[in-house]
Amino acid sequence: MDRRNFIQLLGFGAGATVFSSALVGCSSEPQTELYGWAGPESTLEDIRLKVISYAILAPNPHNKQPWIVKLIDPLSFDLYVDPDRLLPATDPYHRQIHIGQGTFLETARIAASGLGYKADIEYFPQGQYANTELQNRPVARVTLQQSAGISPDPLFGQLLKRSSNKRDYDQVALTAAEQIELQQFNADTSDSTLVFKSSPKDQKQLSDWLTQAMQIEVGNKERDAETIAMFRVNDAEVAKYRDGFGVAQSGMSGIKKTIAETFFLSREKMEKDPTDFGNQAVDMTKSQSESAATFALMITKNNQRIDQVKIGQAYCRMNLQTTAMGLAQHPMSQILQEYKDMLPMQKTFLKHYNIAEGDTVQMLFRLGRAEPVKHSARRAVQSIVQV
Ligand SMILES: Cc1cc2nc3c(=O)[nH]c(=O)nc-3n(C[C@H](O)[C@H](O)[C@H](O)COP(=O)(O)O)c2cc1C
């Protein structure tokens with residue numbers, strides 16, 4: 001069965017793609033179940049492990065879960081980048097991997113507050129390293145302190161609800177009030193600048209660029225291989241690896257998901273010839289970006305390791321806050337990536353939006369409204385912890 005037959009089988013016209021949420025529609029299945037994982041482990045005795053069982057729910061690039069935690073003493077642990085879980089072809093300077101360290105730390109901090117602990121974060125206790133290297137030094141030491149007076153962070157209740165929602169959205173821009181609320185929210189706790197792009201002109205321009213950026217991304221064997229390696233073609237792979245992402249995160253469920261996974265998604269085929277996978281990714285990006293009417297940029301003045309970690313914290317909070325506001329959020333990072341083939345288009349994008357020389361657009365994401373999606377999988381807490 002080819003792709004056209006598949007589309008016909010499901011009763012949709014040309015232009016729809018296997019991954020498109022225009023095609024997948026809504027589902028009556030429960031969407032909040034934590035895939036391959038029972039949820040934060042409240043039965044754990046050790047407060048550090050309890051906190052970590054929430055922290056691994058953090059958003060992170062390709063759901064690599066690039067974290068190693070070393071337990072130090074009964075109330076502290078060090079966080080390291082897992083050098084076996086990088087994305088060298090698409091994230092050559094590990095900038096996004098460090099953003100994913102910040103999201104972990106922020107989720108840990110918020111979780112600790114909900115469990116009655118204050119989490120002190122000491123960044124790079126053995127010193128930072130340059131953007132051109134990755135050293136075996138901790139990104140942070142987290143020290144927990146029990147505190148009867150601590151009140152849970154208001155975002156604690158969003159930790160199990162947050163996800164990156166890759167469905168198509170409703171083509172309606174955020175209201176001015178929503179944008180102001182998020183600006184204020186970001187300004188209260190982050191040095192970064194949050195910029196919204198919500199005009200029809202921006203919408204057209206950004207969806208064109210993001211689609212072209214995906215086209216560039218899939219035009220290279222190493223980059224394709226990196227994504228395909230994290231794409232889970234069926235539930236058996238999800239259960240086996242407990243990382244990565246699949247069609248469920250774009251909203252596909254039920255019989256449509258089963259058909260897609262049975263007839264269209266073959267690891268062997270994708271690895272042998274990634275062309276179709278690449279075309280699907282481009283079609284999906286076009287559909288996702290055209291369905292969104294509001295895009296947001298998070299920009300920093302500096303771009304050292306610590307800035308990358310801190311923007312990860314700010315991005316994580318933003319995703320939790322939009323969850324609290326009933327909004328869907330989805331990073332679309334290709335145009336920001338630093339590999340050589342992307343740089344000419346990136347330069348045009350930065351110039352068009354008057355991004356000051358030396359500033360870094362750390363995150364680009366779309367915002368809107370959509371049905372929730374199934375959570376992506378997470379590994380067991382023990383698999384990231386070293387004593
Ligand atoms: C730095 C960073 C970059 C990301 N870039 C993309 C992206 O380009 N496209 C995408 O679909 N998701 C992107 N994501 C979202 C991740 O795929 C998502 O966080 C991960 O799969 C875990 O899923 P969850 O956020 O729903 O828990 C990015 C996340 C982070 C933290």
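The chain is numbered in sequence order, starting from 1. Read the numbers this way: they start at 1 and go in the same order the structure lists the ligands and their atoms.
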key: Aromatic centroids of His375 and Phe245 separated by under 6.0 Å   = no
note = Distance col, row Ile110:CD1 vs Gln158:CD, nearest 0.5 angstrom, shows 10.0 Å
Pairs of donor and acceptor atoms involving the side chains of residues 322-332, under 3.5 Å and at least two apart or interchain, shall be tabulated with distances.
{"from": "Thr322", "atom 1": "OG1", "to": "Met318", "atom 2": "O", "distance (Å)": "3.2"}
{"from": "Thr322", "atom 1": "OG1", "to": "Asn319", "atom 2": "O", "distance (Å)": "3.0"}
{"from": "Thr322", "atom 1": "OG1", "to": "Gln329", "atom 2": "OE1", "distance (Å)": "2.7"}
{"from": "Thr323", "atom 1": "OG1", "to": "Asn319", "atom 2": "O", "distance (Å)": "2.6"}
{"from": "Gln329", "atom 1": "NE2", "to": "Tyr315", "atom 2": "OH", "distance (Å)": "3.2"}
{"from": "His330", "atom 1": "ND1", "to": "Arg366", "atom 2": "NE", "distance (Å)": "2.9"}
{"from": "His330", "atom 1": "ND1", "to": "Arg366", "atom 2": "NH2", "distance (Å)": "3.1"}

inquiry  = Tell me every residue that passes ring pair (Phe, Tyr, Trp, His ring centres under 6.0 Å) with Phe196, counting only those two or more places apart in sequence or in another chain.
reply    = none
May I have a table of the N/O to N/O pairs between ligand 1 and the protein that fall below 3.5 Å, each row giving the two atom names and the distance to 0.1 Å?
{"from": "ligand 1", "atom 1": "5 (N)", "to": "Ser333", "atom 2": "OG", "distance (Å)": "2.7"}
{"from": "ligand 1", "atom 1": "8 (O)", "to": "Ser333", "atom 2": "N", "distance (Å)": "2.9"}
{"from": "ligand 1", "atom 1": "8 (O)", "to": "Ser333", "atom 2": "OG", "distance (Å)": "3.3"}
{"from": "ligand 1", "atom 1": "8 (O)", "to": "Gln334", "atom 2": "NE2", "distance (Å)": "3.3"}
{"from": "ligand 1", "atom 1": "9 (N)", "to": "Pro331", "atom 2": "O", "distance (Å)": "3.1"}
{"from": "ligand 1", "atom 1": "11 (O)", "to": "Lys166", "atom 2": "NZ", "distance (Å)": "3.1"}
{"from": "ligand 1", "atom 1": "11 (O)", "to": "His330", "atom 2": "NE2", "distance (Å)": "2.7"}
{"from": "ligand 1", "atom 1": "12 (N)", "to": "Lys166", "atom 2": "NZ", "distance (Å)": "3.3"}
{"from": "ligand 1", "atom 1": "17 (O)", "to": "Lys166", "atom 2": "NZ", "distance (Å)": "2.9"}
{"from": "ligand 1", "atom 1": "19 (O)", "to": "Asn60", "atom 2": "N", "distance (Å)": "3.1"}
{"from": "ligand 1", "atom 1": "19 (O)", "to": "Asn60", "atom 2": "O", "distance (Å)": "3.4"}
{"from": "ligand 1", "atom 1": "19 (O)", "to": "Ser164", "atom 2": "OG", "distance (Å)": "3.2"}
{"from": "ligand 1", "atom 1": "23 (O)", "to": "Ser376", "atom 2": "OG", "distance (Å)": "2.9"}
{"from": "ligand 1", "atom 1": "25 (O)", "to": "Arg162", "atom 2": "NH1", "distance (Å)": "2.9"}
{"from": "ligand 1", "atom 1": "25 (O)", "to": "Arg162", "atom 2": "NH2", "distance (Å)": "3.3"}
{"from": "ligand 1", "atom 1": "25 (O)", "to": "Ser164", "atom 2": "N", "distance (Å)": "3.4"}
{"from": "ligand 1", "atom 1": "25 (O)", "to": "Ser164", "atom 2": "OG", "distance (Å)": "2.6"}
{"from": "ligand 1", "atom 1": "26 (O)", "to": "Ser164", "atom 2": "N", "distance (Å)": "2.8"}
{"from": "ligand 1", "atom 1": "27 (O)", "to": "Arg162", "atom 2": "NH2", "distance (Å)": "2.7"}
{"from": "ligand 1", "atom 1": "27 (O)", "to": "Arg378", "atom 2": "NH2", "distance (Å)": "2.7"}

message = Lys269 vs Asp276, test: salt bridge (Lys or Arg N to Asp or Glu O under 4.0 Å). Steps then yes/no.
response = CA-CA 9 Å; Lys269 237 173 94 187; Asp276 202 37; 5.6 Å; no
request  = Considering only Ile, Leu, Val, Met, Phe, Trp and Tyr, and joining two whenever side-chain heavy atoms are under 4.5 Å apart, list the other residues clustered with Tyr80.
outcome  = Ile68
